[in-house]
Amino acid sequence: VLQTLFGVQAMQPLLLTRWGSYAEYAAVDYRHAAIVPESLSLKHAASLPLVGLTAVQALRNVQGYPGSLRNKNILIQAGAGGVGTFAIQWCSKILSMNVTTTASSGKSSLLERLGASQVIDYTTTQFETANVVFDVVFDTMSFAYEHRTLNSGLNVTSFALLCKLSLKNVRFFTHIW
């Protein structure tokens with residue numbers, strides 16, 4: 001539900017409903033509503049719960065989460081996507097991790113502003129050649145990178161991904177599917 005109430009724009013998915021609501025107005029408990037900042041459009045605000053929960057759910061089961069991940073190195077595949085941009089900010093600013101990500105060169109500046117310390121241009125460079133030992137790999141595109149990541153010889157302690165896979169030579173992994 002996206003609405004303006006008493007001059008404040010707010011959004012809130014209807015609780016205990018499967019399909020949402022077609023109502024113009026809905027009564028909600030104020031404790032379950034989030035105020036949308038004026039600098040953010042309702043369209044962009046509506047996307048945050050999905051990408052945010054996807055990233056946090058995939059990362060929360062990583063070994064040592066959240067406390068002992070400070071200053072650890074993470075590779076976030078497809079950093080310019082919705083889940084990737086949220087994960088970069090979460091890992092760099094909340095978890096204090098060193099973030100490397102993959103994206104095209106046109107997205108480098110944005111991703112560095114979001115918190116990536118290194119952006120690998122996937123159109124010219126294979127991520128396997130990065131001169132970094134990754135403690136965690138967050139693969140938001142596992143169908144495309146799973147095999148390359150797991151068979152690259154990268155020293156990976158934890159692997160967070162968005163679907164199931166068969167793992168070899170990885171000590172810990174998590175998935176949310």
Side-chain angles (χ1 to χ4, degrees), residues 2 11 13 34 36-66 69-165 167 170 172-177:
L2 301 175
M11 64 177 219
V36 177
E38 290 181 20
S39 61
L40 193 62
S41 73
L42 292 176
K43 179 180 175 182
H44 288 105
S47 71
L48 288 176
L50 179 62
V51 298
L53 287 173
T54 300
V56 171
Q57 285 176 343
L59 291 165
R60 74 176 176 189
N61 292 323
V62 168
Q63 208 165 24
Y65 181 89
L69 294 179
R70 177 181 283 286
N71 297 321
K72 299 289 186 179
N73 296 318
I74 184 168
L75 170 64
I76 299 173
Q77 299 284 16
V83 174
T85 55
F86 187 93
I88 289 169
Q89 294 172 84
W90 184 261
C91 291
S92 67
K93 295 180 176 33
I94 303 299
L95 301 179
S96 299
M97 298 179 78
N98 302 314
V99 177
T100 298
T101 189
T102 59
S104 62
S105 61
K107 303 291 184 179
S108 293
S109 178
L110 167 67
L111 300 178
E112 288 167 353
R113 285 193 315 271
L114 294 178
S117 54
Q118 180 181 5
V119 180
I120 300 171
D121 182 352
Y122 72 89
T123 65
T124 60
T125 307
Q126 292 191 329
F127 65 86
E128 300 94 319
T129 63
N131 192 19
V132 177
V133 174
F134 295 109
D135 301 295
V136 179
V137 173
F138 182 20
D139 189 352
T140 66
M141 304 279 293
S142 59
F143 63 89
Y145 299 119
E146 167 192 332
H147 180 74
R148 286 176 51 198
T149 301
L150 297 176
N151 294 306
S152 66
L154 288 174
N155 181 10
V156 177
T157 302
S158 298
F159 196 89
L161 61 152
L162 301 183
C163 67
K164 292 181 181 177
L165 77 163
L167 295 168
V170 176
F172 182 84
F173 77 98
T174 182
H175 61 82
I176 63 168
W177 237 253

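Worth knowing before you read on, the calculation uses all heavy atoms, side chains too, and leaves out hydrogens, waters and symmetry mates.
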Rounded to the nearest 0.5 Å, how far does CG of Leu40 lie from CG of Leu48?
6.0 Å
Straight-line distance of Leu95 CG to Gln89 CD, nearest 0.5 Å:
12.5 Å
Using the side-chain contact (heavy atoms from CB on, under 4.5 Å) criterion, which residues pair with Ser96? Sequence neighbours excluded.
Arg70
Contact check, side chains of Ile88 and Lys93, non-hydrogen atoms, under 4.5 Å
no
Does Ile74 form a side chain to side chain contact (heavy atoms under 4.5 Å, CB included) with Ile76? I'd like the steps, not just the answer.
CA-CA 6 Å; Ile74 184 168; Ile76 299 173; 4.0 Å; yes
Please check if the side chain of [X] supplies one atom and the backbone of [Y] the other of a donor-acceptor pair under 3.5 Å.
| X | Y | result |
| --- | --- | --- |
| Asn98 | Asn71 | yes |
| Ser108 | Ser105 | yes |
| Asp121 | Ser104 | no |

Run the numbers on Phe138 and Val83 for side chain to side chain contact (heavy atoms under 4.5 Å, CB included), then give the verdict.
CA-CA 10 Å; Phe138 182 20; Val83 174; 3.9 Å; yes
Between His44 and Ser47, do the side chains contain a donor N or O and an acceptor N or O under 3.5 Å apart?
no
Do Thr102 and Gln77 have a side chain donor and acceptor closer than 3.5 Å?
yes
Go through it in stages, so that I can follow the logic: the residues are Thr100 and Ile120, the test is side chain to side chain contact (heavy atoms under 4.5 Å, CB included), and I'd like the CA-CA distance, side-chain angles, deciding distance and then a yes or no.
CA-CA 7 Å; Thr100 298; Ile120 300 171; 3.7 Å; yes
Under the side chain to side chain donor-acceptor pair (under 3.5 Å) test, which residues partner Thr85, sequence neighbours left out?
none
After noting the C-alpha distance and the side-chain angles of Leu114 and Ser92, does the key distance pass the side chain to side chain contact (heavy atoms under 4.5 Å, CB included) rule?
CA-CA 8 Å; Leu114 294 178; Ser92 67; over 6 Å; no
